[in-house]
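Please read the structure below before turning to the comments.
Source: prediction; values computed, not measured. In what follows, chains are A, B, ... by sequence order, proteins preceding strands, each numbered from 1.
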Amino acid sequence: GAVVSQHPSRVICKSGTSVKIECRSLDFQATTMFWYRQFPKQSLMLMATSNEGSKATYEQGVEKDKFLINHASLTLSTLTVTSAHPEDSSFYICSAPGIAGGYNEQFFGPGTRLTVL
Amino acid sequence: AQKITQTQPGMFVQEKEAVTLDCTYDTSDPSYGLFWYKQPSSGEMIFLIYQGSYDQQNATEGRYSLNFQKARKSANLVISASQLGDSAMYFCAMREGHQAGTALIFGKGTTLSVSS
């Protein structure tokens, strides 16, 4: 099946610093990727849709200046959390759509756990 | 209104027993897909099963089956012969439309605990 990787898997940073998270589709091309955020024991909330070669589409309530998304190639999307604060601590997961078993599926990365001190 | 509703925050079952995790959905799009994912404590999202809105038969994948009742807009996951390794959080999700470039909408999840 299709594989999506994320790097880093875990990051701890100081308040005020910026953190970049990479999402890669390893064996398929993804013109679209999705970024989700998940707080402990809660659901996945869509933050934004990343589109290769164009601007990302952000969900209502997500600060685009704080969560910068760049879809630089057909296999790479990055999420940069700028000036991170403790409330940004969360589990960030990316996904990319693809075809599997004859239907459209979402392939998820393993997630990145961000802790802001 | 919530698009995906999972009413069971937690479920408890003994090994080898079957368990049903509830999911109801709301959409006016005639074309949609329903997914179930398992999320263990590691955080990875493990795909379990898929049901398309036009599929005539209920989906099955090994010990997992989806009880799809379209008129009631429900898509319950049935796990037969539970195993200790099934303990995890389970999410029901929906994609509206048939295009790949549409994000999934997730329910709040159900935490399943399997005991010996």
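Note on A/Phe107: it does not cluster hydrophobically with A/Leu76, by side-chain heavy-atom contacts below 4.5 Å among ILVMFWY residues. Neither A/Leu68 nor A/Met47 shares a network with the other; the hydrophobic side chains, linked directly or stepwise wherever heavy atoms of I, L, V, M, F, W or Y lie under 4.5 Å apart, form separate groups for each. With hydrophobic clusters built from ILVMFWY side chains whose heavy atoms lie under 4.5 angstrom apart, A/Leu46 does not share a cluster with A/Ile69. In terms of hydrophobic clustering, with Ile, Leu, Val, Met, Phe, Trp and Tyr side chains grouped at heavy-atom distances under 4.5 Å, B/Met11 and B/Tyr64 are assigned to a common cluster.
Annotation for B/Lys73: atom NZ counts as buried by contact number, over 12 foreign heavy atoms lying within 6.0 Å. Counting non-hydrogen atoms of other residues, nucleotides and ligands closer than 6.0 Å to NZ of B/Lys16 gives a total of 12 or fewer. Enclosure of atom CD in A/Glu87 by more than 12 non-hydrogen atoms of other residues, nucleotides or ligands within 6.0 angstrom is indicated. A 6.0 Å sphere centred on NZ of A/Lys66 holds more than 12 heavy atoms belonging to other residues, nucleotides or ligands. Residue A/Arg10 places its CZ atom among 12 or fewer non-hydrogen atoms of other residues, nucleotides or ligands, all under 6.0 Å distant.
Shown here for A/Gln106 and B/Thr102, the closest heavy-atom pair between the two residues is NE2-O, 3.2 Å. Between A/Ser43 and B/Phe106 the shortest heavy-atom distance is OG-CB, 3.3 Å.
Looking at B/Leu104 and A/Tyr36, their side chains come closer than 4.5 Å, going by heavy atoms from C-beta outward. Inter-residue side-chain proximity for B/Tyr50 and A/Glu105 is flagged as unmet; no heavy-atom pair is nearer than 4.5 Å.
Between chain B and the options A/Thr31, A/Thr32, A/Leu44, heavy-atom pairs under 4.5 Å are most frequent for A/Leu44.
A distance-only check finds no donor-acceptor pair linking the side chain of A/Gln42 to the backbone of B/Gly109 [under 3.5 Å].
The stretch residues 33-44 of chain B places B/Phe35, B/Tyr37, B/Gln39, B/Ser41, B/Ser42, B/Gly43, B/Glu44 near chain A, each with some heavy atom under 4.5 Å from a heavy atom of that chain.
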